[in-house]
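Reviewing the structure listed below.
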Protein chains: 2
Amino acid sequence: MKQRSSIIGSVEALPHRVASHLSREIEGGDIIPGARLPTESQLADKFGVSRNVVREAIAQLRADGMIEARQGIGAFVMAPEQRTAIRIDREALKDQRNMEQLFELRSILETESATLAAARCASDDLDAINAALDRMGGEERWEDGSIEADLLFHRAIARATGNSYIYTFISFVCEQIRQSIHYARLTNPLHDLVEVNVAEHVRIYDELAAHDPQAAGEAMRRHIEGAAARVGVELTAKLNRGK
Amino acid sequence: MKQRSSIIGSVEALPHRVASHLSREIEGGDIIPGARLPTESQLADKFGVSRNVVREAIAQLRADGMIEARQGIGAFVMAPEQRTAIRIDREALKDQRNMEQLFELRSILETESATLAAARCASDDLDAINAALDRMGGEERWEDGSIEADLLFHRAIARATGNSYIYTFISFVCEQIRQSIHYARLTNPLHDLVEVNVAEHVRIYDELAAHDPQAAGEAMRRHIEGAAARVGVELTAKLNRGK
DNA sequence: ACTTGCGCAGTTGTAGGATGACCGTATGAT
DNA sequence: ATCATACGGTCATCCTACAACTGCGCAAGT
């Protein structure tokens with residue numbers, strides 16, 4: 001009794017597929033907050049999987065605070081505001097508009113990250129940032145290596161703020177963007193490899209080393225803007241920050 | 001054969017307990033990235049639960065990108081940078097230092113949120129913000145109601161930016177702070193009820209209505225600073241923004 | 001000696017059924 | 001009419017069995 005026919009088709013694991021399907025139904029508004037989900041048995045039948053699989057799927061959604069299961073009653077979907085986790089749908093990032101918004105958020109975080117880092121960074125922080133810079137301009141010119149070094153650079157700055165949440169959020173956003181770009185490049189190979197602009201990075205580093213928060217933030221803001229443009233994303237409505 | 005004795009004691013559901021335990025072991029560095037976890041059967045024995053419970057726990061961690069399971073081999077812990085979800089440990093927020101950092105992040109997000117909202121908000125956005133303002137100053141003076149209205153106010157502004165990610169992130173951070181404060185108040189009842197400063201909110205609204213991004217951002221920054229101080233959090237190192 | 005193929009043991013993935021705990025409601029006795 | 005009880009539905013947990021996959025060793029063939 002194995003591998004019965006399933007509605008949804010993909011290569012992913014069954015629980016993940018079920019969770020994604022339910023997640024989309026909830027995000028899409030097909031199931032409004034407060035409403036009760038079908039029973040686990042019904043879902044198992046509907047998706048053509050075992051109840052075990054359904055439970056694992058629900059376990060994921062429950063961990064995110066998207067639904068709440070109460071023994072003896074059922075599972076209910078929660079309001080989107082009280083999620084206990086942030087998760088970004090990679091499918092949604094295929095939409096240019098969403099990618100713009102994510103870049104805008106990144107711009108905000110990174111700009112302030114550079115500002116704070118300039119005011120707080122110690123010498124070992126600068127060393128770490130400089131090391132990433134070397135990897136970028138060094139012999140590691142193969143695409144994935146330079147991109148990796150780029151992420152390292154930004155993470156090192158975020159770490160220099162001394163704020164672990166800033167580090168976490170920036171790492172997360174950058175990683176989402178990176179994976180999305182990487183995926184887009186696979187499906188559309190003519191899209192040229194994203195070359196990192198070393199000059200912009202050096203400029204940022206110099207401002208950080210000079211401990212000039214204002215200038216460092218500004219340099220970072222322009223850099224993110226340029227990075228966005230390089231992957232075809234235009235941050236049209238600029239962030240009107242003090243200049 | 002039900003409810004056998006367990007190592008870990010709590011009121012939470014079994015899978016959540018196991019997931020938390022594993023999560024802490026990973027975060028704490030007891031299991032380094034790249035290392036392999038014990039088999040599901042071994043974990044089941046160790047925690048005194050069934051393999052099913054272990055699987056649900058692993059399903060949660062897997063959804064966060066904290067571990068990766070490969071059929072026929074085992075489960076491995078991933079590097080903290082490539083998490084697919086952001087989750088904030090509420091326990092950690094009991095530490096004043098962490099709360100300060102989270103408030104600093106909030107200040108960054110909210111300041112820029114107000115700045116963008118001032119530049120972009122339409123009349124219906126202002127209506128929504130104003131509605132929240134009314135609920136705050138209105139008859140709904142009972143504590144939970146006014147706090148709820150406060151969150152509504154900030155979310156309405158975030159929504160007015162037109163950037164769904166900003167909205168999501170701000171909602172998330174605010175909610176984490178709110179729950180943490182709420183919890184702290186339960187354990188330490190002498191800590192007075194947090195009264196929301198209506199005047200500051202009105203000031204923010206006025207600047208938004210005037211479509212003055214610079215002033216709105218500044219008003220918000222001061223407001224968050226004040227809010228932090230009101231719950232005993234001092235944002236010592238200020239954000240050196242253009243003033 | 002080297003390669004190739006096969007089988008075996010270990011691990012995760014899935015199925016299915018059984019039982020306990022809990023909730024809401026209907027039923028029946030007072 | 002009120003309250004206690006019984007019952008069905010649902011989630012929570014457990015168990016067992018099997019499929020799919022991996023890695024490794026061993027044996028046969030070259």
Side-chain angles (χ1 to χ4, degrees), chain A residues 1-22 26 31 34-78, chain B residues 1-23 25-26 31 34-78:
Chain A
M1 86 299 279
K2 191 53 40 49
Q3 250 64 327
R4 41 178 172 176
S5 68
S6 172
I7 297 180
I8 34 192
S10 162
V11 294
E12 287 276 7
L14 254 39
H16 180 264
R17 276 190 265 172
V18 173
S20 298
H21 195 279
L22 288 176
I26 293 175
I31 314 178
R36 185 172 151 276
L37 264 65
T39 71
E40 295 177 351
S41 300
Q42 288 171 340
L43 289 174
D45 290 343
K46 175 181 174 184
F47 291 120
V49 299
S50 77
R51 196 167 83 93
N52 245 331
V53 171
V54 173
R55 280 194 61 81
E56 281 188 36
I58 289 183
Q60 298 176 206
L61 301 180
R62 212 147 61 128
D64 292 355
M66 191 175 297
I67 72 177
E68 181 186 15
R70 284 189 306 209
Q71 188 169 342
I73 307 184
F76 302 83
V77 339
M78 307 285 285
Chain B
M1 85 298 278
K2 192 56 41 47
Q3 250 64 326
R4 43 179 170 176
S5 68
S6 172
I7 297 179
I8 34 191
S10 163
V11 294
E12 287 275 9
L14 255 38
H16 180 264
R17 275 190 266 173
V18 173
S20 298
H21 195 279
L22 288 177
S23 174
E25 275 190 347
I26 293 176
I31 315 179
R36 184 171 151 274
L37 265 64
T39 71
E40 295 177 350
S41 301
Q42 288 171 339
L43 289 174
D45 290 344
K46 175 182 175 185
F47 292 121
V49 299
S50 77
R51 193 166 81 100
N52 235 325
V53 171
V54 173
R55 280 194 60 81
E56 281 188 36
I58 289 183
Q60 298 176 207
L61 301 180
R62 212 149 59 129
D64 292 356
M66 191 174 297
I67 74 176
E68 180 186 15
R70 285 189 307 210
Q71 186 169 342
I73 307 183
F76 302 83
V77 339
M78 306 286 285

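None of these values were measured; they are calculated from a predicted model. Proteins get letters first, then strands, A, B, ... in listed order; numbering begins at 1 in each.
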Evaluation steps, side chain to side chain contact (heavy atoms under 4.5 Å, CB included), between B:Met66 and B:Val77: CA-CA 6 Å; B:Met66 191 174 297; B:Val77 339; 5.9 Å; no

Between [N] atom [atom2] and [X] atom [atom1], what is the distance in whole Å?
X       : N      : atom1 : atom2 : value
B:Glu56 : D:dC15 : CD    : P     : 14 Å
B:Leu37 : C:dT11 : CG    : C1'   : 13 Å
B:Gln42 : C:dT12 : CD    : P     : 8 Å
A:Arg36 : C:dC23 : CZ    : P     : 15 Å
A:His16 : C:dT12 : NE2   : C1'   : 17 Å
A:Glu40 : C:dC22 : CD    : C1'   : 14 Å
B:Leu61 : C:dT12 : CG    : C1'   : 16 Å

With respect to the phosphate group of C:dT14, does any side-chain polar atom (N or O) of A:Ser50 fall under 4.0 Å of OP1 or OP2?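 So the side chain of A:Ser50 is outside the cut-off, no N or O lying under 4.0 Å from OP1 or OP2 of C:dT14.
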
Apply salt bridge (Lys or Arg N to Asp or Glu O under 4.0 Å) to B:Glu25 and list each qualifying residue two or more places apart in sequence or on a separate chain.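 Listed in chain order: B:Lys46.
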
A:Arg70 charged N/C atom sitting above A:Phe76 aromatic ring, 6.0 Å / 45°: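 Yes, cation above the ring, under 6.0 Å and within 45°.
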
Close approaches to DNA chain C from residues 62-72 of chain B, in residue order (heavy atom, under 4.0 Å):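 Under 4.0 Å from DNA chain C: B:Arg62, B:Ala69, B:Arg70, B:Gln71, B:Gly72.
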
Proximity to the side chain of [X] - top-ranked nucleotide from [options]:
X       : options                : answer
B:Arg55 : D:dC14, D:dT10, C:dG13 : C:dG13
B:Thr39 : D:dC14, C:dT11, D:dT13 : C:dT11
A:Leu14 : C:dT14, D:dT10, C:dT12 : C:dT14

I'd like to check B:Leu43 versus B:Val18 (side-chain heavy atoms, cut-off strictly below 4.5 Å). Are they in contact?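 SC-SC contact between B:Leu43 and B:Val18 ruled out.
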
Looking at side-chain heavy atoms only, is the closest gap between A:Ile58 and A:Glu40 below 4.5 Å?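 In contact.
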
How close do A:Gly74 and A:Arg36 get, counting heavy atoms only, and between which atoms?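 Smallest heavy-atom distance, with atoms named: CA-NE, 3.8 Å.
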
Residue whose nearest DNA chain C nucleotide is more 5′ - B:Asn52 or B:Ser41: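 First, find each residue's nearest nucleotide; the 5'-ward one identifies B:Ser41.
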
Quiz item: A:Arg51 side-chain donor-acceptor pair to D:dT13 base, under 3.5 Å: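 Answer yes: a donor N or O sits under 3.5 Å from an acceptor.
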
Does B:Glu56 come within less than 4.0 Å of A:Arg55, counting only side-chain N to carboxylate O?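 A:Arg55 and B:Glu56: salt-bridged.
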
